[in-house]
Each structure stands twice: as C-alpha cells, then as structure tokens.
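First comes the structure, then the notes that go with it.
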Amino acid sequence: MFKSPRKAAGGAFLPEDFVVPTLVAGPDFQIRPITVHDVVKDYGAVIGSLHRLAGRFGPEWGWPDSEFTFEQALIDVAWLQKQGQLRRSFSYVVITPDGERQLGRIHVAPSDEPGADAVVVFWVRADEENSVLEKELETFVRQWVMTAWPFDKVRFPGRD
C-alpha cells in the first residue's frame, strides 16, 4: 500500500521491547491487526470506497489502483500482515464490535520526513464518510497513537 522507509537496521522503527497493540476497543468499533483472513471484508470496503480512497491517497501513495482486483487485495493484505510481523509497519482493520463489518483501516509506519517519528493514515468506508463514527475514530486514533505508541511527533497525511 505505501512505502515504508526503514529507520533502523533490520527494518524496525520501534524499540525491540515495545509491545505492539493487538486489540483496541473504541466506543463503536474495534481495532486489530489485519490478516489474510480479512481479505473478503477488506476488499469490499476498498472497492466500495475506491474513488474516495484514490482521491485521498492516490498520487502520494499510489493506492488503490482503479482496477484493483481481489487477487491484488489478497497480495496487499498478506504484505501488510508480513510488514507487521517484521515490525516495519503496522496495519489494522477497524471493525464493528461484533466483527461482522469492516469500517476502515489504520496504518502506522515510519515517517519519511525529518522531524516526525511516524506517519499514520486511516480511513473509513465511503458510507461512513463524515459520520459520527469517522469523527470518533479520528479523535481515538490521534490519542491512541500519542499515548500507546513510543512516538514524539506523528504525521497524519490527508488529515493535517
């Protein structure tokens, strides 16, 4: 999905002893690391939001392509999962509390700009655009990243 520059040898940008969050519950959603088991719901969320996402991330991130296929989604999601295992970047699905519907995604990665430790990108599906949920998620993510992660300065492209 995006380029993740490496700040340290081996690709890690976090202290070795940092425990990466694995499940976080917000008021109307849960956040957990993305896995290949999420590909069906993730693909539906991306395809249903294709124009919105391309408008937000297209030129800078090169994602999603206008001809985004299920096969490409599977490759992307597997890559995101592997990046998390290698501690290079971390991608999360935002799901309803019952886990039945994917509401969006959150990505935490090293920043490629001096003066920032990390870049955080998040989105909600098109049918949640400008909703109470999107506002709650933005407030939650900003606080979560500054309190649960070891960063001093974080960039939020498309939000700042």
Task: Point-to-point distance, once rounded to the nearest 0.5 Å, from CG of Asp98 to CD of Gln30 - done: 8.5 Å

- [ ] May I ask you to decide if Lys153's main-chain N or O and Asp117's side chain share a donor-acceptor pair within less than 3.5 Å?
- [x] yes

- [ ] Apply the test side-chain contact (heavy atoms from CB on, under 4.5 Å) to residues Phe156 and Val141: give CA-CA distance (whole Å), side-chain angles for both, the deciding distance (0.1 Å), then the verdict.
- [x] CA-CA 10 Å; Phe156 292 89; Val141 168; 4.2 Å; yes

Open item on the list: Could you measure the distance from the NZ atom of Lys41 to the CD1 atom of Ile34? Nearest 0.5 Å is fine.
Closed with: 12.0 Å

Task: Single-linkage hydrophobic cluster Ile75~Val36, side-chain heavy atoms < 4.5 angstrom - done: no

Task: Non-hydrogen atoms of Arg101 and Arg125 that approach each other most closely - done: NH2-NE, 3.1 Å

Open item on the list: According to side chain to side chain contact (heavy atoms under 4.5 Å, CB included), who are the partners of Val40, at least two apart in sequence or on a separate chain?
Closed with: Phe70

TODO: Return yes if some donor-acceptor pair links the side-chain N/O of Gln83 with the main-chain N/O of Ser89 below 3.5 Å, else return no.
DONE: no

- [ ] State, to 0.1 Å, how close Pro15 and Pro150 come at their nearest heavy-atom pair, and which atoms those are.
- [x] CD-CG, 3.9 Å

Task: Donor-acceptor pair, side chain of Tyr43 and main chain of Leu74, under 3.5 angstrom - done: no

TODO: State, with a plain yes or no, whether a side-chain heavy atom of Val24 is found less than 4.5 Å away from one of Phe140.
DONE: yes

Task: Nearest heavy atoms of Arg155 and Ala116, plus distance in Å - done: CG-CB, 3.7 Å

Task: Check: Trp144 ring centroid to Phe122 ring centroid under 6.0 Å - done: no

TODO: Using distance alone, with no hydrogens and no angle criterion, decide if Glu128 and Ser131 have a side-chain donor and acceptor under 3.5 Å apart.
DONE: yes

Task: Inter-residue atom distance Arg105.CZ - Trp123.CH2, 0.5 Å rounding - done: 5.5 Å

Open item on the list: Distance check, rounded to the nearest 0.5 Å: Thr35 atom OG1 versus Lys82 atom NZ?
Closed with: 14.0 Å

Open item on the list: With side-chain contact (heavy atoms from CB on, under 4.5 Å) as the criterion, how do Phe90 and Phe13 come out once you've worked through the C-alpha distance, each side chain's angles and the decisive distance to 0.1 Å?
Closed with: CA-CA 11 Å; Phe90 303 90; Phe13 76 106; 3.7 Å; yes

Open item on the list: So, taking the atom named CD1 in Ile31 and the one named CD1 in Ile106, what distance separates them when rounded to the nearest 0.5 Å?
Closed with: 3.5 Å

- [ ] Supply the atom-to-atom distance Tyr92 OH to Leu23 CG, rounded to the nearest 0.5 angstrom.
- [x] 10.0 Å

TODO: With the side chain counted from C-beta on, respond yes when Phe29 and Val93 share a heavy-atom pair under 4.5 Å apart, and no when they do not.
DONE: no

TODO: Work out which heavy atom in Arg88 is nearest to a heavy atom in Pro110; give both atom names and the distance.
DONE: O-CD, 3.2 Å

TODO: For Gln102 and Ile95, work out which heavy atoms get closest and say how close.
DONE: CA-CG2, 4.1 Å

Open item on the list: Minimum heavy-atom separation for Trp149 and Pro21, please, with both atom names.
Closed with: CZ2-CD, 3.6 Å

Open item on the list: Heavy-atom count check: over 12 atoms from other residues, nucleotides or ligands less than 6.0 Å from Glu71 CD?
Closed with: no

Task: side chain to side chain donor-acceptor pair (under 3.5 Å) partners of Arg32, counting only residues at least two apart - done: Asp38

Open item on the list: Holding to side chain to side chain contact (heavy atoms under 4.5 Å, CB included), I want the full list of residues that pass it with Glu67, two or more places apart in sequence or in another chain.
Closed with: Asp65

